[in-house]
2 protein chains.
Amino acid sequence: MKIGELASATATKVETIRYYESIDLLAPPARSASNYRDYGGKHLNRLSFIRRARDLGFSLEAVRELLALSDNIGQSCEAVDLIASSHLAEVKRKIDDLTALRSELERVIGSCRHGTVGECKIIDTLAPRSAC
Amino acid sequence: MKIGELASATATKVETIRYYESIDLLAPPARSASNYRDYGGKHLNRLSFIRRARDLGFSLEAVRELLALSDNIGQSCEAVDLIASSHLAEVKRKIDDLTALRSELERVIGSCRHGTVGECKIIDTLAPRSAC
DNA sequence: CTACACCCTCTAGCAACTAGAGGGTCAAGC
DNA sequence: GCTTGACCCTCTAGTTGCTAGAGGGTGTAG
């Protein structure tokens with residue numbers, strides 16, 4: 001399987017696959033006579049795993065740990081749970097931050113009377129002076 | 001006013017102030033005899049503006065535009081409104097994305113039975129094989 | 001035999017800083 | 001007068017997760 005085929009099989013860009021190899025996330029595959037990368041089923045599985053984890057928002061470092069853990073089939077999955085839970089906590093925190101931000105932005109934008117910049121409430125919120 | 005003073009007055013790091021100068025967001029101040037940056041009230045206002053806009057999540061490019069607009073006091077504030085509204089739309093989109101992500105993560109984590117990695121539902125979700 | 005799609009390596013770029021190296025300046029305390 | 005420590009300076013490289021480009025080689029269809 002050539003890199004382009006692996007790329008379309010996993011909806012990943014060719015450059016991204018090479019990048020994953022360069023950071024040791026994906027093992028270097030065999031090479032053809034013409035030095036083309038030649039991937040097998042293992043690589044496909046591994047890259048699929050990476051893709052799904054990335055789609056769930058895990059960082060590449062987290063993915064790296066999840067991959068390592070997934071290889072120790074007998075071990076407790078506590079560590080897996082921990083990584084996922086702390087990621088979830090982070091996602092929740094971001095949602096909270098963005099929700100607060102949204103309210104603030106809505107308030108600011110809602111106060112705009114569509115006059116001149118000199119009277120603009122939005123600019124007013126940002127600048128430490130002037131009135132609307 | 002030295003850079004450290006401006007930094008603590010605006011809760012900005014010294015390096016960040018120098019960075020803003022390097023990308024022409026903040027005008028270069030006068031220099032003292034010993035080549036120290038010497039800031040005035042204008043710089044304080046400008047940096048405060050930048051900080052508030054950044055706190056509202058505006059990109060540096062958006063901040064640059066907002067700053068330019070805020071100087072044209074007579075102009076219509078339509079452009080300001082547009083920048084703010086499109087930022088708000090972006091924030092909303094991010095909240096939606098993260099909320100969907102949160103549900104997915106909660107579902108995945110909730111299915112974990114705290115056994116071994118081989119039985120782990122979390123790993124199972126990521127890997128295209130095995131059972132819990 | 002010549003297009004053209006594909007592959008290769010290596011490097012630089014994005015946002016928005018942050019951290020470090022390697023140096024100069026200035027006021028206080030001994 | 002001299003050292004200590006907190007500042008300041010410039011310049012460069014690192015962070016995350018790719019993406020895009022230069023400058024080349026390969027393989028196949030017409």
Salt bridge (Lys or Arg N to Asp or Glu O under 4.0 Å) involving [X] - partner list, sequence neighbours excluded:
| X | result |
| --- | --- |
| B/Glu106 | A/Lys92 |
| B/Asp97 | B/Arg93 |
| B/Arg46 | B/Asp71 |
| B/Asp55 | B/Arg51 |

To the nearest Å, give me how far apart CG (B/Leu56) and P (C/dA16) are.
->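 To the nearest whole Å, that distance equals 14 Å.
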
Nucleotide by nucleotide, nucleotides 5-19 of chain D touches protein heavy atoms under 4.0 Å in the pattern (B base, S sugar-phosphate only, - none) --BSSB------BBS

Using residues 13-25 of chain B as the side-chain source, report each donor-acceptor pair under 3.5 Å to any protein atom, sequence neighbours left out, with the distance given to one decimal.
unit_1, atom_1, unit_2, atom_2, d
B/Glu21, OE1, B/Arg37, NE, 2.7
B/Ser22, OG, B/Tyr19, O, 2.7

